[in-house]
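This report refers to the structure that appears directly beneath it.
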Amino acid sequence: MRRAAVVGFGAITPLGDTAEATWQALLAGQNGVRSISRFNAQSYPVQFAAQVTLNLDGTDLYDALIDSALSEAMEAVDLSEVPSDRVGVFMGCEAARPQFEGLARQVLAGATPEAADVLAHMPNRPAIRVAKRVAATGPVVTLSTACTSSGQAVGEALLAIRRGEVDVAIAGGVDALVHPLMVTGFARLGALSTRNDAPDHASRPFDNERDGFVLGEGAGVIVLASSRVAESIGSILGWVSGYGCSCNAWRITDSPPDGRGAAQAMEAALADGGFSAEDVAYINAHGTSTKQNDISEARGIQTVLGDCVNSVPVSSTKSMMGHLVAACGAVEAIVCLQAVRDGVAPITRNLEHPDPECTLRHIMGAPATLKPGVALTNAFGFGGSNASLVLEAP
Amino acid sequence: MRSVVITGLGICCALGNDPQTVVQRLAQGHSGLTQPTDERAALAIAGLGLASVDVRPLLKRRKDRKLLPRAAELGIWAAIQAMGPDRPVNTGVFLGVGREPPDNGETEHALLTSMVDGQLNPERLLGPGRAAYPPLASLRTLPNLVLAHIAIQLNLMGPCGTRAGADAAGIAAISEGYYAVKEGRAHTVLVGAADSVVSSGLARDLVRLGQLNPQRGAGEGAAMLRLESADHAAQRGATVLGQITSVGAAFGSTSSQPPHDPFLGYCGAANAAIALVLAIAAQRPGTLHGQDPSGAHSWIQWERQ
């Protein structure tokens, strides 16, 4: 058994509070990037982001995001007959750095920090929350490799099912960095777009006039199952069929210009699933809209696709929903499942003048009809971690 | 499926910077703890287990020194030791790190000094001035920064992963590397954990959570193992220190493990990995457990070759 069945998925993104709402918005080419409303950003160098619309009602944002995605993913899944120790949780998360603010406030007030506030920023908190909600007692794992985190989480879930360690794996990720500290930090790194006068044009992966990424927030959850139990707990919505990961071993903040780490992850994912470049129907690129990442990834894709590079459509949905950081890998894997299910892939919004150093078959203007085949999604992170996943239609 | 053997060990902690020295000092009953003389004394911590390593002269790029959290220094040291002189292609690296980001210092400082009437003040945060949030500070909080440094220094381009948590994270990372070799995704991997829980803020948080027993001390350290397929080790004539026979993980179960805390201080995610490396160095086969207060639990079984 090389692949794992997908029996449920859920997402909350700046484009919608469900995976299907997000998908319809992506196909319509909608924009999820707007002026920041979560705090008064007028004094900050970047005043826009891709935020979710969510009535928190006192709930912690991270909790609300993961709860929302998990509820949707589990809606049609019945785990009642699956032993709890055969259910694992694989979540890709970073430390919830915005939560440090509450801790700092208590320290300044001379108060002893509450345990709940200390726990609030722990990277393993979402995994623990999910495990408790689904009553899982199998492996509960937190993968933390920056923007690669949840892509790796889905990949590790596939491996755990394949080796028989679990029958069901709840995999995904969450992130929410639209906070003064993170906006300041990433802006000072020069990583964010500063197009304050036109936020809806700010995220433009592979475009010659791109100037950085747009911070986003959201969560994505995929329920994977072994083919042995899949049909007894739900309907098969697709397959996770291959996973590859690699290290750039290059620099902390930069990607290697030749895209070698990215290529290695993509090649490993295709080989892992028993596929070749000819089988690829669509690539959902990491496509952050930063100068270096897009060039490095485009070269990696060119290397992997070889002669097929002119026939495989490529898009970056970050152009519409921003960069969901630790959550992007899982959410974009869901987008790929929807793309191969419906035989159509969304555009790269704002891509008007492709960078000549990023020559690919970009999807521009209107969604592309896909040939039968697999989808490939990429997630690459600060620090040089790369993950690629292969997704198949049911 | 391939057999997975252990062919290299690396460690740094309060009792020394190589496995044999640490085993020897533990056997002699030495303690590596020193008394805190700063604000950490207020936490009533029995002692601090500080490692003594400086890897800065070894770094390939001087620029990398600007982004080098303490856990990365410790991890690089242990990784170089465990790996030995050769650098096989497609070597993977899997690392366990703590529940906190590896370096919160500047983030904490910026938050504490930018608050005005309980709210973050953008003028202070954006600077200029002491309160300003430095450009690289947000990267220093990334849990995978430790792995990134190790990969860069040793040119490791194979499969990789960072597991974040407490004691279980180190054993979970070793398990993932074991699977990578066993399932043929890499023939060689470096696995282990690195953590430093001696900063005042982190020690405060962990005491608050009950994860750090102040009477046992707070520590720092790293422990790494080189794992490879038995065939690959035989081909290159490597000395085999042991074989991993099984690994596992669960949630909500409990375990007990004699800790080295009274001698090294509590080393967070590195605790269980240090215990494993010391058991292998002392040739005491058995099962090692890593247990997070949250309920995550990983274990690994090894035997002599």
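So that the names make sense, note that chain A is the first sequence line, chain B the second, and so on, each numbered from 1.
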Side-chain donor or acceptor of A:Glu94 paired with backbone N/O of B:Asn144 under 3.5 Å: no
Straight-line distance of A:Glu156 CD to B:Tyr179 OH, nearest 0.5 Å: 11.0 Å
Which portion of B:Ala132 sits near chain A, non-hydrogen atoms under 4.5 angstrom: both
Max heavy-atom pair count under 4.5 Å with chain A, selected residue of B:Leu120, B:Leu126, B:Asn90: B:Leu126
4.5 Å side-chain heavy-atom contact, B:Arg163 and A:Leu143: yes
Atom pair CG (B:Leu111) and CG (A:Leu181), whose distance is rounded to the nearest 0.5 Å: 5.0 Å
Toward chain B, the part of A:Glu165 with a non-hydrogen atom under 4.5 Å: side chain
Nearest atoms (heavy-atom pairs only) where B:Gly98 meets A:Pro123: O-CG, 4.5 Å
CG-CZ distance between B:Leu125 and A:Arg188, expressed to the nearest 0.5 angstrom: 7.5 Å
Residue part contacting chain B, namely of A:Arg125, when any heavy atom lies under 4.5 Å: neither
Pick from A:Ser385, A:Gly383, A:Ser246, A:Pro180 with the largest number of heavy-atom pairs that fall under 4.5 Å of chain B: A:Ser246
Passing candidate, side chain to side chain contact (heavy atoms under 4.5 Å, CB included) with A:Ile252, options B:Leu142, B:Asp64, B:Leu136, B:Leu68: B:Asp64
Contact winner vs chain B - A:Asp85, A:Asp272, A:Leu189, heavy-atom pairs under 4.5 Å: A:Leu189
Straight-line distance of A:Arg251 CZ to B:Lys60 NZ, nearest 0.5 Å: 11.5 Å
Max heavy-atom pair count under 4.5 Å with chain A, selected residue of B:Ile152, B:Leu67, B:Ile150: B:Ile152
Gap separating the CG atom of A:Asn248 from the CG atom of B:Asn155, nearest 0.5 angstrom: 11.0 Å
Contacting moiety of A:Ala136, where chain B heavy atoms sit under 4.5 Å: backbone
NZ/NE/NH1/NH2 to OD/OE distance under 4.0 Å, B:Glu183 and A:Arg2: no
Closest-packed option against chain A by number of heavy-atom pairs under 4.5 Å, given B:Pro122, B:Pro134, B:Ala110: B:Pro122
Residue, of B:Lys182, B:Lys63, B:Glu176, that accumulates the most heavy atom pairs under 4.5 Å with chain A: B:Glu176
Note, A:Phe382 side chain near B:Leu145 side chain (heavy atom, < 4.5 Å): no
Shortest non-hydrogen contact between A:Val140 and B:Ala296, atoms and distance: O-CB, 4.1 Å
A:Thr253 portion near chain B, given a 4.5 angstrom heavy-atom threshold: side chain
Minimum side-chain heavy-atom gap A:Trp250-B:Met157 below 4.5 Å: no
Among B:Cys160, B:Ala148, B:Gly248, B:Ala169, residue most engaged with chain A (heavy-atom pairs, under 4.5 Å): B:Cys160
Winner by heavy-atom pair count (cut-off under 4.5 Å) against chain B, out of A:Thr184, A:Val89, A:Asn40, A:Val166: A:Thr184
Minimal non-hydrogen separation, A:Thr145 against B:Thr162, with atom names: CG2-N, 3.7 Å
Candidate pair A:Leu159 and B:Arg185, rule side chain to side chain contact (heavy atoms under 4.5 Å, CB included), full reasoning: CA-CA 11 Å; A:Leu159 298 178; B:Arg185 283 176 280 125; 3.4 Å; yes
Nearest-0.5 Å distance, CG of residue A:Asn124 to OG of residue B:Ser294: 5.0 Å
